[in-house]
J.: 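Structure in structure tokens, see below.
The sequence lines fix the lettering, A, B, ..., with proteins before strands; numbering per chain opens at 1. For the numbers below, each heavy atom of this structure counts, side chains included, while hydrogens, waters and symmetry mates do not. Predicted model only: the values in this text are computed from it and were never measured.
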There are 2 protein chains.
Amino acid sequence: MSDGSDNVIQPARRRPVTLRDVAETARVSVATASKALNDQGRMTAETRTRIRAVALQLGFRPNSLAQSLLRRRSFTVGLLTNDSYGRFSLPVMAGVSEALLDNGVSVFLCNVEDDPRLGQLHVDAMLDKRVDGIIASGKRLDRHLPVDLSNLGIPVIYAFTEPDPNSIAFVSDDEGGARLAVEHFVALGRKRIVHVAGPETFAVVHQRADAYRAVLAENGLTPPRVMMGPWSEGWGHQAVAELFDAPGEKPDAVFCGNDQIARGVVDALRERGLRVPEDVGVIGFDNWEIVAAATRPPLTTVDMNLTALGREAGLTLLSLVDGKPVEPGLRKLPCRLVVRQSCGRPPGD
Amino acid sequence: MSDGSDNVIQPARRRPVTLRDVAETARVSVATASKALNDQGRMTAETRTRIRAVALQLGFRPNSLAQSLLRRRSFTVGLLTNDSYGRFSLPVMAGVSEALLDNGVSVFLCNVEDDPRLGQLHVDAMLDKRVDGIIASGKRLDRHLPVDLSNLGIPVIYAFTEPDPNSIAFVSDDEGGARLAVEHFVALGRKRIVHVAGPETFAVVHQRADAYRAVLAENGLTPPRVMMGPWSEGWGHQAVAELFDAPGEKPDAVFCGNDQIARGVVDALRERGLRVPEDVGVIGFDNWEIVAAATRPPLTTVDMNLTALGREAGLTLLSLVDGKPVEPGLRKLPCRLVVRQSCGRPPGD
DNA sequence: TTCTTTAGAGAAAAGGTTTTCTCAAGCTGC
DNA sequence: GCAGCTTGAGAAAACCTTTTCTCTAAAGAA
């Protein structure tokens with residue numbers, strides 16, 4: 001039965017109402033209509049309000065494509081990332097969106113994995129669509145995205161990824177974050193603090209380890225002990241075994257490279273009958289809520305403030321797009337310590 | 001020292017090369033240049049190749065904005081979501097991108113949280129930017145996004161969120177997924193299978209519970225037992241306590257509402273000295289890799305194939321945009337069981 | 001040689017908006 | 001009664017590309 005009442009969704013694309021429609025309905029020229037709506041030019045107050053009323057009634061919305069073409073500004077930016085899982089990109093993206101939304105700027109999100117072909121494809125698409133700028137983000141601070149973003153002719157900002165030389169970049173202050181954690185332990189009176197870190201192939205692992213060693217030295221504490229391994233719960237378990245099976249003094253605090261390791265450490269300690277935080281304090285890194293909050297007890301952990309980082313990146317990109325010059329360089333944004341229950345209360349609390 | 005050599009990044013926006021530049025360099029008209037590049041019209045092979053060479057050498061890329069304006073097609077779609085955490089949206093987004101990238105279509109990702117104001121803002125921005133269509137996604141199947149997407153005048157597809165009546169929607173087949181899990185237990189010879197589910201306020205909880213009960217009935221197994229609680233590890237622990245502290249026969253299999261609950265169940269069982277999978281088998285839901293793979297033993301779990309779902313949604317949206325009619329309705333896409341080690345090998349394996 | 005056809009290329013319009021320029025009418029002041 | 005302003009509004013160009021239409025010149029047919 002094809003009697004026309006077939007129950008299919010016809011992509012009935014209505015013709016959107018244009019400025020011309022408004023002008024004709026209000027019996028003025030498009031020029032006048034445009035000026036009325038943009039508060040430009042001179043005309044009777046009556047004319048202006050009349051045109052406005054017509055536009056409202058017709059539901060007129062200016063065609064961004066036409067505006068962009070003329071203004072050479074698309075009110076659109078691209079966000080490149082290789083973090084398919086979104087653990088780091090999503091908070092950054094949230095911050096970027098937040099900063100840009102108020103300015104009517106939309107974001108193309110493009111995951112380029114680690115594939116140069118995919119990267120080129122996405123960058124070309126962005127360029128063709130005349131994005132006003134690009135934000136490059138990623139899942140680690142010491143790896144480039146698989147794309148060359150120099151000499152694109154549009155502003156580029158790096159946020160939580162390895163930047164090009166002489167570019168503008170926002171990254172987390174990993175040394176600072178590690179200091180926060182270790183100093184927190186020190187303030188709580190912990191004496192034998194070890195660091196169960198991530199893999200040695202990561203630059204941040206060394207930065208944090210250096211900060212850890214520095215804080216210990218500054219406070220005249222036991223020789224530092226840094227153990228490197230994968231970013232996994234399993235590594236947390238293994239590290240606890242190594243630490244507590246060995247003869248001699250046992251640690252009373254463990255600073256972990258991420259929340260998953262910390263989760264493993266906490267679980268392993270509990271399984272050995274050690275109490276967290278009474279016997280051993282534990283601090284994680286990343287503040288990955290879903291892990292940190294589910295750990296028993298909930299993890300005290302370092303938050304890299306990625307949303308704030310994204311917001312800064314977005315605002316700075318806007319400045320560049322607006323033509324304001326910005327000094328190049330690496331901006332390290334401070335981390336913050338999120339205190340939960342895995343290392344006890346500070347003294348006097 | 002402002003001697004002009006200040007080390008600042010000037011947003012030096014190079015004027016992009018236009019078709020006109022190509023035409024002038026090749027000493028032809030823009031019309032001819034356009035036709036040469038698009039394999040249209042008639043001209044000497046020599047003219048065509050010459051223009052092509054010039055375009056290539058100048059690095060000409062057509063301005064998408066101008067093309068879109070003319071073609072009334074922006075090669076751009078919007079993806080709305082309220083899943084700030086991205087656990088469900090990101091796989092969907094990956095599938096959508098994958099489907100659209102080959103067609104040169106870019107995706108605006110917009111997180112509307114649960115804020116109608118934010119939703120309206122984003123939808124208006126999309127409409128202004130003349131997206132070719134919108135995909136609505138979310139974090140649960142029985143809640144609307146805080147926006148009205150009916151009568152937008154452009155195609156809309158719902159993917160993993162509560163659809164409007166008479167629209168096109170892709171969702172996971174939760175009954176089917178639950179069947180996969182419970183039937184897997186049955187095939188393994190498990191007899192006393194309980195279901196530790198999510199909160200009763202979720203529609204999927206009831207759908208899965210119904211499927212669970214149906215499979216038990218079909219196989220003449222013990223009366224079903226469904227326990228509802230939060231989507232958390234803690235609930236997994238608590239459920240195990242309730243189940244195993246009570247007198248009488250103990251379950252030999254637990255089908256969980258998500259991987260976090262399953263994680264809690266597995267941990268709680270181990271803490272009680274029960275072996276997984278030997279004494280009790282456990283199956284989760286969602287295949288949230290980071291949890292499922294880190295559980296000891298790694299979780300067998302139901303994967304909702306969200307990436308495939310996103311791909312379907314993207315392709316269907318393209319059909320609509322291309323003017324092909326599509327029947328409205330809810331399409332349930334099958335789940336698949338990812339077998340790891342938390343319920344033993346099937347007999348004869 | 002003349003008429004018809006075809007090849008090759010350009011002119012112009014369209015898409016929707018903004019902005020500058022132009023123009024006519026009304027008004028002020030002398 | 002007229003030079004000079006101001007006011008209100010429209011015409012037109014610009015942004016960049018695609019496409020249809022038009023035009024010229026040359027080739028082919030009679």
J.: Whole angstroms only, please: what is the CZ-P distance between B:Arg73 and D:dT18?
T.: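 Interatomic distance, CZ of B:Arg73 to P of D:dT18: 15 Å.
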J.: Where along residues 62-71 of chain A does a heavy atom fall under 4.0 Å from DNA chain D?
T.: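 Going residue by residue through residues 62-71 of chain A, the ones with a heavy atom under 4.0 Å of DNA chain D turn out to be A:Leu69, A:Leu70.
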J.: What are the 5'-most and 3'-most nucleotides of DNA chain C lying under 4.0 Å from any heavy atom of chain B?
T.: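 Reading along DNA chain C, I get C:dA7 to C:dG16.
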J.: Mind checking what makes side chain to side chain donor-acceptor pair (under 3.5 Å) contact with B:Thr316, not counting sequence neighbours?
T.: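 For B:Thr316 there are no side chain to side chain donor-acceptor pair (under 3.5 Å) partners, ignoring immediate neighbours.
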J.: A:Ser74: which residues meet the side chain to side chain donor-acceptor pair (under 3.5 Å) condition with it, sequence neighbours left out?
T.: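 Testing A:Ser74 for side chain to side chain donor-acceptor pair (under 3.5 Å), a comparison that skips the adjacent residues, returns A:Asp132.
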J.: If an axis is fit to five pairs at each end of the helix from C:dT1-D:dA30 to C:dC30-D:dG1, what is the angle between the two, to the nearest 10°?
T.: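 That helix gives 60° between its end axes.
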J.: Test of understanding: with salt bridge (Lys or Arg N to Asp or Glu O under 4.0 Å), list the residues that count as partners of B:Arg27, not counting sequence neighbours.
T.: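 With neighbours one apart ignored, the set is empty.
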J.: Which of residues 29-48 of chain B sit near DNA chain C, with a heavy atom under 4.0 Å from it?
T.: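 When residues 29-48 of chain B is checked for heavy atoms under 4.0 Å from DNA chain C, the hits, listed by number, are B:Ser29, B:Ala31, B:Thr32, B:Lys35, B:Arg42, B:Met43, B:Thr44, B:Thr47.
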J.: Please list, chain by chain and in numerical order, all residues satisfying side chain to side chain donor-acceptor pair (under 3.5 Å) with A:Arg130, sequence neighbours excluded.
T.: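 Expected list: none.
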J.: Taking ring-ring contact (aromatic ring centres under 6.0 Å, His included) as the definition, give me every residue that meets it alongside B:Phe108, ordered by chain and number, with sequence neighbours left out.
T.: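 Partners of B:Phe108 by the ring-ring contact (aromatic ring centres under 6.0 Å, His included) criterion, ordered by chain and then number, come out as A:Phe108.
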J.: Of all heavy-atom pairs between B:His122 and B:Asn111, which one has the smallest distance, and what is that distance?
T.: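 Smallest interatomic distance, heavy atoms only, reads NE2-O, 3.6 Å.
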J.: Would you tell me whether A:Asp124 and A:Gln120 have side-chain atoms, one donor and one acceptor, within less than 3.5 Å of each other?
T.: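 Per modelled atom types, A:Asp124 and A:Gln120 side chains form a pair under 3.5 Å.
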J.: Report, one line per pair, each donor and acceptor closer than 3.5 Å where one atom sits in a side chain of residues 96-103 of chain A; sequence neighbours left out.
T.:
from     : atom 1 : to       : atom 2 : distance (Å)
A:Ser97  : OG     : A:Met93  : O      : 3.3
A:Glu98  : OE2    : A:Arg311 : NE     : 2.9
A:Glu98  : OE2    : A:Arg311 : NH2    : 3.4
A:Asn103 : ND2    : A:Ala99  : O      : 3.0

J.: Does a donor on one side chain and an acceptor on the other come within less than 3.5 Å for A:Lys139 and A:Ser89?
T.: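 Distance-only check fails for A:Lys139 and A:Ser89.
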J.: Any idea which heavy atoms bring A:Leu79 and A:Ser137 closest together, and the distance?
T.: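 Shortest heavy-atom separation between A:Leu79 and A:Ser137 comes out as CD1-CB, 4.1 Å.
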J.: Quick test of your reading: applying salt bridge (Lys or Arg N to Asp or Glu O under 4.0 Å), list the pairs with at least one residue in residues 151-164 of chain B, sequence neighbours left out, ordered by first then second residue.
T.: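 Non-adjacent pairs meeting salt bridge (Lys or Arg N to Asp or Glu O under 4.0 Å): zero.
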J.: Filter on ring-ring contact (aromatic ring centres under 6.0 Å, His included), then keep only pairs touching residues 86-107 of chain B, sequence neighbours left out; what's left?
T.: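 Those involving residues 86-107 of chain B are B:Phe88-B:Phe160.
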